[in-house]
Amino acid sequence: MASAKQLTLSLVKPGDEPVAGNREDSHSVQPSPWMARVLSRDNLNRALKQVRRNKGAPGIDGMTVDELPDYLRRHWPEIRQQLLQQTYRPKPVRRVTIPKANGGSRPLGIPTVLDRFIQQAIAQVIQQDWELRFHPRSYGFRPGRSAHQAVRYGQQCAREGRNWVVDLDLEAFFDRVNHDRLMARLKRHTPDKPLLRLINRYLKAGVQIDHHKELTPEGVPQGGPLSPVLANVVLDELDWELERRNLKFARYADDCQIYVGSRCAGERVMVSLTRFIEDSLRLTVNTRKSAVDRPWNRSFLGFTLSRKGQRLKVADKAITKLKTQIRNLSRRTRGHSLA
DNA sequence: TGTCACGCTAC
RNA sequence: CUUGUAGCGUGACA
């Protein structure tokens, strides 16, 4: 079995940096600056490692992550060529529905392992472009940041006297991302035509249902390696709008809390922000789950802030979840040892 | 440094 | 057997 290192080294020749004065012919296309970064040896190496490490299930073509290295060894040169010539077409995603904790269901969109590999390579580049531009109070899906840090900041706001919170929840956030808004926003710090075109093709790749594909005019697939960073690019617009209004907030994916000093201010913010999100971002605010309330009445990322703003409490929901898990675990191990 | 489990948050 | 992805955390091993 060939090691991952050996494999990618043979996949990508050192010549992927443009050679000066290289004559253009039909067999070699000069990569655009961003495509060169996506297709660089080191970046592809990291991407392949990540996809294999996840050990995820196959997409519509049935190819497993263990089969991917062998497939790439045979087909990567032509795929790479298609990517450079902008003729590559991603496969539609596979639809799998999984239950959510609150009783609902979550539609996953599982790309083929090849597309997960390419998306991962793109995601690593996009993340580089955007990480420093993202708002400091955006905590979800970002390296070096955690839910704990988001909650700690909320606690600090409450301690400083902002004892009211606007708790915003967006409806089916990933599934309703507006493609035009996303692409326009993406162009700001990733101004590369070929790469943007490829990303747009991933957005429009569709979902395979039986034998035909269903269009995806909106949304990013829940299950694509690229989706989290794209989600942050969309909501980056919200972050800087909040900043412009001098509001204190913490956001983790679509879960956003804004800390204000009075109920009145909270109501005002809720109304105007709902309009901004629906008009400008083209997203829907979930009015059932959103609310203006005191921080100690709401749970945020599995925690609730205590009344004095000095302590963090693990939310009741998280406690009961843990308890049932422990019960199940002890019952199961007991059963096994008896049998 | 690197590999492998497990847990939590989010979609 | 079915279930994808990102981030963080704990532990183990070398």
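Proteins get letters first, then strands, A, B, ... in listed order; numbering begins at 1 in each.
Legend: residues meeting side-chain hydrogen bond (donor to acceptor under 3.5 Å, both in side chains) with A/R185, ordered by chain and number and at least two apart, are A/D236. For the side-chain contact (heavy atoms from CB on, under 4.5 Å) test, residues two or more places apart in sequence or in another chain that qualify with A/Y252 are A/Y139, A/A147, A/L301. Take A/N232 and apply the side-chain contact (heavy atoms from CB on, under 4.5 Å) test, not counting sequence neighbours, and it matches A/F134, A/S138, A/F141, A/R142, A/R251. Contacts of A/A47 classified as side-chain contact (heavy atoms from CB on, under 4.5 Å), with partners at least two apart in sequence or in another chain: A/F117, A/Q120, A/A121, A/Q124.
Among B/dC11, B/dT9, C/U3, the nucleotide with an atom closest to any side-chain atom of A/F173 is B/dC11.
Clustering of Ile, Leu, Val, Met, Phe, Trp and Tyr side chains at separations under 4.5 Å leaves A/W240 isolated, with no partner residue. Hydrophobic side-chain contacts under 4.5 Å tie A/L108 into a cluster, directly or through other members, with A/V96, A/I98, A/I110.
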Under 3.5 Å, sequence neighbours excluded: what are the donor-acceptor pairs made by side chains of residues 203-213 of chain A?
residue: A/K204; atom: NZ; partner: A/H179; partner atom: ND1; Å: 2.9

Could you pull out every donor-acceptor pair under 3.5 Å between side chains of residues 280-292 of chain A and any protein atom, sequence neighbours left out?
residue: A/R282; atom: NE; partner: A/D279; partner atom: O; Å: 3.3
residue: A/N286; atom: OD1; partner: A/R288; partner atom: N; Å: 3.2
residue: A/N286; atom: OD1; partner: A/K289; partner atom: N; Å: 3.4
residue: A/S290; atom: OG; partner: A/D169; partner atom: N; Å: 2.9
residue: A/S290; atom: OG; partner: A/D169; partner atom: O; Å: 3.4
residue: A/S290; atom: OG; partner: A/N286; partner atom: O; Å: 2.7

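Phosphate contact (OP1/OP2 of C/U3, side-chain N/O of A/R95, threshold under 4.0 Å): absent.
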| Dot-bracket for RNA chain C, 5' to 3', counting Watson-Crick or G-U wobble pairs under 3.5 Å, with [ ] for crossing pairs and | for inter-strand pairs? | ...|||||||||||

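Residues from residues 281-294 of chain A placing a heavy atom under 4.0 Å of any atom in RNA chain C do not occur. Near-neighbour residues of RNA chain C inside residues 196-204 of chain A, defined by a heavy atom below 4.0 Å, are absent.
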| remark: Whether each nucleotide of nucleotides 6-14 of chain C has a protein heavy atom under 4.0 Å at its base (B), only at its sugar-phosphate (S) or at neither (-) is summarised, 5' to 3', as BBS------

